[in-house]
Amino acid sequence: MFETLKEMLVSKLKVDPARITPTATREDIELDSLALVELSMLLEQELSIHVSDDDLMATESFGAMVELIESRRAGV
């Protein structure tokens, strides 16, 4: 899921791939609240995984975001 999410951020939200590491914060990656809304919608549309932007905002790192998404995917 790490690579899938990284690819979404790079291709859809134009995030610099060098910034995306497991320990990177939202600020490190430059994901503002609007970007998190877009990411939430992309996850729903492309992967059928429901994760709200508020849930994404509550994560402390990119790695934690990946874990959250994986847990939601496992619940499907």
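Numbering of residues begins at 1 and proceeds along the displayed sequence. Not measured: the values here are computed from a predicted model.
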Roughly how far apart are Arg72 CZ and Ile69 CD1, rounded to 0.5 Å?
-> 9.5 Å
If Ile, Leu, Val, Met, Phe, Trp and Tyr residues are connected whenever their side-chain heavy atoms lie under 4.5 Å apart, and connections chain through other members, are Met41 and Leu5 in the same group?
-> no
Kindly determine whether Asp32 and Arg26 satisfy salt bridge (charged side-chain N to carboxylate O under 4.0 Å, His left out), including the steps that lead there.
-> CA-CA 7 Å; Asp32 60 13; Arg26 289 182 313 282; over 6 Å; no
Look up atom CZ in Arg73 and atom OG in Ser48, then write down how far apart they are to the nearest 0.5 Å.
-> 12.0 Å
Applying side-chain contact (heavy atoms from CB on, under 4.5 Å), run through Met8 and Leu43 and close with a yes or a no.
-> CA-CA 9 Å; Met8 289 176 101; Leu43 289 167; 4.1 Å; yes
Might you confirm whether atom CD of Glu27 has over 12 heavy atoms from other residues, nucleotides or ligands at distances under 6.0 Å?
-> yes
Pairs involving residues 4-14, ordered by first then second residue, that meet side chain to side chain donor-acceptor pair (under 3.5 Å) (sequence neighbours left out) = Lys12-Glu46
Does the side chain of Leu56 come within less than 4.5 Å of Leu39's, by heavy atoms?
-> yes
Without swapping roles, check the side chain of Arg19 against the backbone of Asp28 for a donor-acceptor pair under 3.5 Å.
-> yes
Test item: Thr21 and Phe62 side chains (from C-beta on) under 4.5 Å apart, heavy atoms | no
Side-chain touch Leu31/Leu9, heavy atoms, less than 4.5 angstrom = yes
Answer whether the closest heavy-atom distance between the side chains of Leu42 and Leu47 falls below 4.5 Å.
-> no
Would you say Val37 and Met65 are hydrophobically clustered, going by side-chain heavy atoms of ILVMFWY under 4.5 Å?
-> no
Shortest non-hydrogen contact from Leu13 toward Ala35 = CD1-O, 3.8 Å
Would you indicate whether the side-chain heavy atoms of Ser33 and Leu36 approach each other to under 4.5 Å?
-> no
Short side-chain to backbone donor-acceptor contact, Ser61 and Thr25, under 3.5 Å | no
